[in-house]
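To start, the structure under review is shown below, and the notes come after it.
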Amino acid sequence: MVKRVGIVDSDLCVGCQCCVLACSRRKGEIGLGKSAILVRSVGGMERGHVIIVCRACKDPPCAIVCPEEALRPRRGGGIIFNPEKCIGCGHCVEACPFGAINWDEKSLKPIVCTYCGYCTEYCPYGVLRLEEVRS
């Protein structure tokens, strides 16, 4: 079984960004810019928030458009990223239908979810969970 980050109930999200900060911190960064998960407001507390994270597609469009196979489909859904193969074309960002691939302006490479679940441990409202996906 492979894992992915799942959204339990986005209505519980208050936009605290703890998951975003945790993801960045896991990578040794401070701030929101290097995270593979994003939280966006759709109108403040009244309208709620949208959590943007890789959905672990069975046939990931981001991997299909990668000319160097830097993004490979992962068994069970999702992708595996090899930064050494990446040429920084950005096609993967454009191809993701969910907007779940972020761009690192410094390295000129994508920021992708590794399905580690670290972000889920820091969500104080139980919005996220690490779930198993059947292959």
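Proximity of a side-chain donor or acceptor of Asn102 to a complementary backbone N or O of Ser35 within less than 3.5 Å is detected. The backbone N or O of Gly117 sits nowhere less than 3.5 Å from a side-chain atom of Lys3 that would complete a donor-acceptor pair.
Side-chain contact check for Val42 versus His49: every heavy-atom pair is 4.5 Å or farther apart. For the pair Cys92 and Cys66, the minimum side-chain heavy-atom distance is 4.5 Å or more. Contact check for Cys96 versus Pro61: no side-chain heavy atoms found under the 4.5 Å cut-off. Side-chain contact check for Leu130 versus Glu121: every heavy-atom pair is 4.5 Å or farther apart. Looking at heavy atoms from C-beta onward, Ile80 lies out of side-chain contact with Leu71 at the 4.5 angstrom threshold.
When all heavy atoms of Cys16 and Tyr125 are compared, the closest pair comes out as SG-CE1, 4.5 Å. Contact detail for Cys19 and Cys119: the closest heavy-atom pair is O-CB, 3.7 Å.
Atom OG of Ser41 and atom CD of Gln17 lie 9.5 Å apart (nearest 0.5 Å). Separation of atoms CD1 (Ile37) and CD1 (Ile111) is listed at 13.0 Å; rounding is to 0.5 Å. Note that the CG atom of Leu21 and the CD atom of Glu29 stand 12.5 Å from one another [nearest 0.5 Å]. In this structure, the separation between CD1 on Ile51 and SG on Cys13 is 4.0 Å, given to the nearest 0.5 Å. Separation of atoms SG (Cys23) and NZ (Lys34) is listed at 12.0 Å; rounding is to 0.5 Å.
Placement of Leu32 and Val127 within a single hydrophobic cluster is found when ILVMFWY residues are connected by side-chain heavy-atom separations under 4.5 Å, directly or transitively. Under a hydrophobic-cluster definition in which Ile, Leu, Val, Met, Phe, Trp and Tyr are linked whenever side-chain heavy atoms come within less than 4.5 Å, directly or via other members, Ile52 and Val39 are assigned to different clusters. Tracing side-chain contacts under 4.5 Å through hydrophobic residues (I, L, V, M, F, W, Y), one reaches Ile79 starting from Trp103; they form part of the same cluster.
No more than 12 heavy-atom neighbours from other residues, nucleotides or ligands sit within 6.0 angstrom of CZ on Arg72. In this structure, Phe98 places its CZ atom where more than 12 heavy-atom neighbours from other residues, nucleotides or ligands lie under 6.0 Å away. Heavy-atom contacts from other residues, nucleotides or ligands closer than 6.0 Å to CG of Asp9 number more than 12.
Here Lys85 does not pair with Glu68 in a salt bridge; the nearest charged N to carboxylate O distance is not below 4.0 Å. Between Arg4 and Glu131 there is a salt bridge, since a side-chain N of the basic residue sits under 4.0 Å from a carboxylate O of the acidic one.
Tyr115 carries Arg74 over the face of its six-membered ring, with the cationic atom under 6.0 Å from the centre and within 45° of the normal.
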